[in-house]
Participant: 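Sending over a structure as structure tokens; questions will come in a sec.
Because the structure is predicted, anything quoted here is derived from the model rather than measured.
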Amino acid sequence: MLILKIIFWILLSIIIYTYVGYGILLYLIIKIRRFFKIGKKTIANPDYEPEVTLFIAAYNEKDYVDAKMKNSLELDYPKDKLNIIWVTDGSDDGTPDLVRKYPNATVHHLDARNGKIGAMNRGMAFVKTPIVIFSDANTGLGKESIQRIVNLFATPKVGCVSGEKRIINKESDVASGAGEGLYWKYESALKKWDAELYSVVGAAGELFAIRTELYRHVEQDTLLDDFIISLRVAQDGYTIQYDPDAYAIETASANVKEELKRKIRISAGGIQAIVRLRSLLNIFKYGTLSFQYISHRVLRWTLTPLCLVILIPLLFALAYFEGILSFGLYSTLFWLQLLFYVAALTGWFLENRSTRIKILFIPYYFFIMNLSVVLGFFRYMKKSQSVNWERAKRAS
């Protein structure tokens, strides 16, 4: 029993640290550093306006071309310093022809479909500006997003800047929208604190930028291009900064099934990235960056979901020996755990039913997040995840 209790508290501590504890610790560190004026915060320079390239890798995005170009041409950045490049490898729905109607954009098309990272590797040869900004075809950018991102590059130590992914929330969101929106709000807070401490650990693929000279050719089978590209910049000694007011906005996944499909791919890519970026686990070499990377990313994609699985039978055993109806410590925790999974089941039941009680979807979304890690691990081990991107269905 003693051994079971020790294992239980170790597992519970890992889970709490991963999802809540790291955020609290990070917040406290930031507050202490501010009080004692330790460290130097990266300051944006509004007068820094170099020539930049907006890079859009697209596959069969004809439904989004006009909206994306309209949005891009309305961005608050000097028009003579903003180059727009579309790389449309494999597109056969007329996307390249639609883009060619816009004299402000350049299209680089290849009939063969080699996946998003193949398009990015090929397209980078056409980028001649000191800064390249990556954005998805189906996302709209805030009017000041480019300006705000570029301003942070005025600090030479900054090698990458990530914008914020925002999910359109509706009063009657389904589970995917409610859960995803709340998740990204929490992620945004963590990223702000990460950036202030030292560096963000990974950029959002919907909107991020790097110094062009720091781009390294990425392996053809890479699943999380944004994560690999940005963290390799950090490995080279630069920081990844973050501005929540530079944002890309899109609708939530149409339903949790679509969200699960997307997250399984992300999880498989996360495990692949941990293997490829394993040197970042060396805290003696990378110090604060390793601490942030392990706390914010590695635990979520490896150890913590396993802890949640083991906790189910372990807590039942402890509650059974204590007296499952005794309402002692372990039996109470067991019933709370059961209540959580009942709430997740309720979220599943209400998934496609409009409701304003969004709190009901948090357990369900949390369960789906961790389920996706388990399924993503098996998909990675089977090497069955295609590098060709497939757009998830979005809520209308």
Side-chain angles (χ1 to χ4, degrees), residues 48-151 153 160-163 203-218 220 222 225-226 229-230 233 246 248-250 387-389 391:
Y48 185 68
E49 291 183 338
E51 193 173 357
V52 301
T53 296
L54 181 61
F55 188 113
I56 306 163
Y59 169 72
N60 284 354
E61 300 281 10
K62 68 174 183 178
D63 294 336
Y64 296 95
V65 170
D66 290 335
K68 183 66 175 180
M69 283 304 303
K70 182 177 185 297
N71 174 254
S72 299
L73 296 174
E74 291 175 350
L75 294 172
D76 187 14
Y77 200 77
K79 299 297 181 282
D80 60 329
K81 294 183 178 181
L82 177 63
N83 302 286
I84 303 174
I85 287 180
W86 286 70
V87 183
T88 57
D89 291 7
S91 292
D92 55 9
D93 68 338
T95 295
D97 294 329
L98 281 175
V99 178
R100 289 189 183 102
K101 293 180 180 179
Y102 293 89
N104 313 78
T106 303
V107 184
H108 299 283
H109 178 70
L110 192 68
D111 288 337
R113 185 183 181 190
N114 297 310
K116 184 177 181 180
I117 194 58
M120 294 176 76
N121 282 333
R122 187 176 74 87
M124 282 302 294
F126 304 108
V127 177
K128 306 301 179 184
T129 60
I131 294 172
V132 57
I133 302 159
F134 300 101
S135 177
D136 289 343
N138 64 335
T139 57
L141 305 184
K143 191 170 184 178
E144 297 181 352
S145 295
I146 301 298
Q147 184 75 60
R148 297 187 70 92
I149 280 179
V150 172
N151 291 165
F153 281 103
C160 174
V161 178
S162 175
E206 290 77 11
L207 176 61
F208 76 105
I210 67 169
R211 296 186 187 276
T212 305
E213 62 182 352
L214 299 180
Y215 184 86
R216 285 197 254 163
H217 187 92
V218 182
Q220 188 68 27
T222 298
D225 50 88
D226 49 357
I229 291 169
S230 57
V233 168
I249 190 165
E250 63 180 37
V387 297
N388 292 331
W389 69 92
R391 187 191 312 114

Participant: For Arg216, what residues pass the side chain to side chain contact (heavy atoms under 4.5 Å, CB included) criterion, not counting sequence neighbours?
Facilitator: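 If we apply the side chain to side chain contact (heavy atoms under 4.5 Å, CB included) test to Arg216, skipping adjacent residues, the hits are Arg232, Gln235, Asp236.
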
Participant: Taking the side chain as C-beta and beyond, is there a heavy-atom pair between Val132 and Ile85 under 4.5 Å?
Facilitator: no

Participant: Which residues pass the side chain to side chain donor-acceptor pair (under 3.5 Å) test with Asp136, sequence neighbours left out?
Facilitator: Lys116

Participant: Closer than 3.5 angstrom, by distance alone: can the side chain of Arg113 be matched with the main-chain N or O of Tyr59 as a donor-acceptor pair?
Facilitator: no

Participant: Which heavy atom of Ala246 sits nearest to which heavy atom of Ile149, and what is that distance?
Facilitator: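 Shortest heavy-atom contact: CB-CG1, 3.6 Å.
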
Participant: Does any N or O in the side chain of Asn121 come within less than 3.5 Å of the main-chain N or O of Val218, such that one atom is a donor and the other an acceptor?
Facilitator: yes

Participant: Report yes or no: do Gln220 and Asn114 form a side-chain donor-acceptor pair below 3.5 Å?
Facilitator: no

Participant: Just verifying a value: how many Å separate Thr88 OG1 and Lys62 NZ, rounded to the nearest 0.5 Å?
Facilitator: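 With rounding to 0.5 Å, OG1 (Thr88) is 14.5 Å from NZ (Lys62).
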
Participant: Could you note down all residue pairs passing salt bridge (charged side-chain N to carboxylate O under 4.0 Å, His left out) where residues 123-133 supplies at least one of them, sequence neighbours left out?
Facilitator: none

Participant: What is the distance from atom OG of Ser91 to atom CG of Leu110, rounded to the nearest 0.5 Å?
Facilitator: 10.5 Å

Participant: Answer yes or no: is there a donor N or O on one side and an acceptor on the other, between the side chain of Thr139 and the main chain of Glu250, under 3.5 Å?
Facilitator: no

Participant: Among residues at least two apart in sequence or on other chains, which ones pass side chain to side chain donor-acceptor pair (under 3.5 Å) with Ser145?
Facilitator: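 Ser145: no side chain to side chain donor-acceptor pair (under 3.5 Å) contacts found.
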
Participant: What is the minimum heavy-atom distance between Leu75 and Gly142, and which atoms define it?
Facilitator: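 Closest approach of Leu75 to Gly142: CD2-O, 3.5 Å.
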
Participant: Only counting residues at least two apart or in another chain, list the ones meeting salt bridge (Lys or Arg N to Asp or Glu O under 4.0 Å) with Asp93.
Facilitator: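 Per chain and number, Asp93 pairs via salt bridge (Lys or Arg N to Asp or Glu O under 4.0 Å) with no residue.
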
Participant: Under 3.5 Å, side chain of Thr212 to main-chain N/O of Thr129, donor-acceptor pair present?
Facilitator: yes

Participant: Among residues at least two apart in sequence or on other chains, which ones pass side chain to side chain contact (heavy atoms under 4.5 Å, CB included) with Ile131?
Facilitator: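 So Ile131 forms a side chain to side chain contact (heavy atoms under 4.5 Å, CB included) with Tyr48, Pro50, Val52, Ile133, Val150, Phe153, Ala209.
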
Participant: Once rounded to the nearest 0.5 Å, what's the spacing between atom CZ of Phe126 and atom NE2 of His108?
Facilitator: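 Answer rounded to 0.5 Å: 5.0 Å.
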
Participant: Quick one: list whatever passes ring pair (Phe, Tyr, Trp, His ring centres under 6.0 Å) with Phe134, sequence neighbours left out.
Facilitator: Phe55, Phe208

Participant: Can you see which heavy atom on Gly123 is nearest to which on Val87, and at what distance?
Facilitator: CA-CG2, 3.9 Å

Participant: Taking side chain to side chain donor-acceptor pair (under 3.5 Å) as the definition, give me every residue that meets it alongside Tyr102, ordered by chain and number, with sequence neighbours left out.
Facilitator: Asp66

Participant: Hey, could you give me the CG/CE distance between Leu54 and Met69, rounded to the nearest 0.5 Å?
Facilitator: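 Answer for the CG-CE pair, Leu54 versus Met69, is 8.5 Å.
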
Participant: Write down the atom of Ser230, the atom of Ala203, and the distance for their closest heavy-atom approach.
Facilitator: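 So the two residues come closest at OG-N, 3.2 Å.
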
Participant: Of all residues at least two apart in sequence or in a different chain, which pass the side chain to side chain donor-acceptor pair (under 3.5 Å) check with Asp92?
Facilitator: Asn60

Participant: If you compare all heavy atoms of His109 against all heavy atoms of Pro96, which two are closest, and at what distance to 0.1 Å?
Facilitator: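 Heavy-atom minimum between the residues: ND1-CG, 3.4 Å.
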
Participant: So, for Ala105 and Trp86, which heavy atoms are closest and what is the spacing to 0.1 Å?
Facilitator: CB-CD1, 4.1 Å

Participant: I'd like to know if the side chain of Asn151 and the backbone of Gln147 have a donor-acceptor N/O pair within less than 3.5 Å.
Facilitator: yes

Participant: Under the rule for salt bridge (Lys or Arg N to Asp or Glu O under 4.0 Å), what residues qualify as partners of Asp226, not counting sequence neighbours?
Facilitator: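 Result, salt bridge (Lys or Arg N to Asp or Glu O under 4.0 Å) vs Asp226: none returned.
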
Participant: Roughly how far apart are Thr95 OG1 and Lys68 NZ, rounded to 0.5 Å?
Facilitator: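 One finds 13.5 Å between OG1 of Thr95 and NZ of Lys68.
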
Participant: Give every residue pair that meets the salt bridge (charged side-chain N to carboxylate O under 4.0 Å, His left out) criterion with at least one member in residues 73-84, sequence neighbours excluded.
Facilitator: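 Those involving residues 73-84 are Lys70-Glu74.
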
Participant: Can you tell me how far apart OG (Ser72) and CG (Leu82) are? Round to the nearest 0.5 Å.
Facilitator: 7.5 Å

Participant: With sequence neighbours excluded, give me every salt bridge (charged side-chain N to carboxylate O under 4.0 Å, His left out) pair touching residues 95-108.
Facilitator: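 For residues 95-108: Asp97-Arg100.
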
